[in-house]
Asker: 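Take a look at the following structure, please.
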Amino acid sequence: MTTHLDVRGLTLTTQGRTLVSNLSFAIAPGERVGLIGESGSGKSLTAMAVSGLLPAAIRAQGSITLAGQEVIGAPGRVLDRLRGTEIAIVFQEPLTALDPLMRIGRQIGIPLSRRHRRDGRDLSGRALESEILGLLEKVRLPDPSRILRAHPWEISGGQRQRVAIAMALACRPKLLIADEPTTALDVTTQAEVLKLLDALVKELGMALLFISHDLPVVASIAERVIVLRSGEAVEAGPAGEVLVQPRHPYTQTLVEAARAFDDALSGGR
Ligand SMILES: Nc1ncnc2c1ncn2[C@@H]1O[C@H](COP(=O)(O)OP(=O)(O)OP(=O)(O)O)[C@@H](O)[C@H]1O
């Protein structure tokens, strides 16, 4: 099989409004794809549709297959299984993924033991704790044994995003969706989390759908990009081509704006 995710003619509507229109793209195993576009262009809704998390008010037409399984209209148990094995998602705001009242160790332990049970192994006690610590180390969290026992509000925003990444990795997904994973973080932490994601995706051979309106960030992590405007894909191709010599006027505007911002920053130095 050469595609892991295959989106064909995806159209999302609500109350007579079309939010995403006839979108098609595929992601091969291990491939890193960026989805870019201004605010409101339909990036997050596309991510939600792919992971079977669309709000009830939004109607999906077309087809989304993940490892050969149709996602649109699939029953909850099928979606649960896909989210445990094929796909995991990291959101912009890590607190969305974390339960404020539960210690970090337990939050990572739940998807971890679920995955082991699925593989026919029962993991508990010391063995489970040691795997959780291993994951906290993998996302380069300092002092993992303290963080294991901490609540989400006892650690920093950047650390919370690393925990959310560790939770996603606990499922060993074949495709990781990262929806503006660094937007809520300060610039230095953004760069660190980005570097971490890049390294982990390569090390674990996961495919990545990286969603962002920040072009330089996308250019640094994605091999291929899709440009969305008002729910429609206006341009797609290798990141090095689309972001360096954009063909569509909309992409040209985005690239110009990113360059102007960059120039303004370097001019101020
Ligand atoms: N639950 C919903 N019900 C109705 N409309 C929605 C819903 N969620 C999103 N929309 C609309 O769908 C469009 C696309 O939203 P989406 O969140 O996918 O944009 P986005 O590209 O991810 O933007 P941002 O970069 O700001 O996160 C927007 O016009 C938004 O108002």
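Atoms within each ligand, like the ligands themselves, are counted from 1 in listed order.
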Asker: Can a salt bridge be assigned to the pair E203 and K138 using a cut-off of 4.0 Å between side-chain N and carboxylate O?
Answerer: yes

Asker: Closer than 4.0 angstrom: is that true for some heavy atom of M48 and an atom of ligand 1?
Answerer: no

Asker: Determine, stepwise, if the pair D179 / S44 fulfils side-chain hydrogen bond (donor to acceptor under 3.5 Å, both in side chains).
Answerer: CA-CA 7 Å; D179 187 355; S44 294; 2.8 Å; yes

Asker: According to the salt bridge (charged side-chain N to carboxylate O under 4.0 Å, His left out) rule, which pairs have a member within residues 225-250, sequence neighbours left out?
Answerer: none

Asker: Does ligand 1 have any atom that is closer than 4.0 Å to a heavy atom of G40?
Answerer: yes

Asker: Is ligand 1 under 4.0 Å from a heavy atom in the side chain of S44, in the backbone, in both, or in neither?
Answerer: both

Asker: Hey, is atom 7 (C) of ligand 1 touched by any protein heavy atom at less than 4.0 Å?
Answerer: yes

Asker: With sequence neighbours left out, write down each residue that passes side chain to side chain donor-acceptor pair (under 3.5 Å) with E180, or none if nothing qualifies.
Answerer: T183, H213

Asker: Can any side-chain N or O of R149 pair as donor or acceptor with the backbone N or O of S145 at less than 3.5 Å?
Answerer: yes

Asker: Just distances here: any N/O of G42 and N/O of ligand 1 closer than 3.5 Å?
Answerer: yes

Asker: Examine the side chains of Q161 and T182 and answer whether a donor and an acceptor come within less than 3.5 Å of each other.
Answerer: no

Asker: Are R8 and D6 close enough for a salt bridge, meaning some N to O gap below 4.0 Å?
Answerer: yes

Asker: At a 4.0 Å threshold, what atoms of ligand 1 neighbour a non-hydrogen atom of E180?
Answerer: 25 (O)

Asker: Quick one: which ligand 1 atoms are inside 4.0 Å of a heavy atom on R17?
Answerer: 29 (O)

Asker: Using a strict 4.0 Å threshold on nitrogen-to-oxygen distance, state whether D198 and K195 make a salt bridge.
Answerer: no

Asker: With nothing but distance in play, are any N or O atoms of S41 less than 3.5 Å from an N or O of ligand 1?
Answerer: yes

Asker: Distance to 0.1 Å, residue and atom name: give those for the protein heavy atom nearest to atom 11 (C) of ligand 1.
Answerer: L19 CD2, 3.9 Å

Asker: Below 3.5 Å, N or O to N or O, backbone or side chain included: is there any such pair between P55 and ligand 1?
Answerer: no

Asker: Q15: heavy atom below 4.0 Å from ligand 1, yes or no?
Answerer: no

Asker: For atom 9 (C) of ligand 1, which of I36, L45, T18 has the closest heavy atom?
Answerer: L45

Asker: Side-chain donor-acceptor pair under 3.5 Å between E31 and H4, yes or no?
Answerer: no

Asker: Quick check: does H213 get an N/O under 3.5 Å from an N/O on ligand 1?
Answerer: no

Asker: Should R162 and E192 count as an ion pair when the cut-off is N to O under 4.0 Å?
Answerer: yes

Asker: Can you find a non-hydrogen atom of Q92 under 4.0 Å from ligand 1?
Answerer: no

Asker: For ligand 1, which is the ligand I care about here, please tell me if K43 has any N or O atom under 3.5 Å from one of the ligand's N or O atoms.
Answerer: yes

Asker: With backbone taken as N, CA, C and O and side chain as the heavy atoms from C-beta onward, which portion of I58 lies under 4.0 Å from ligand 1: side chain, backbone, both, or neither?
Answerer: side chain

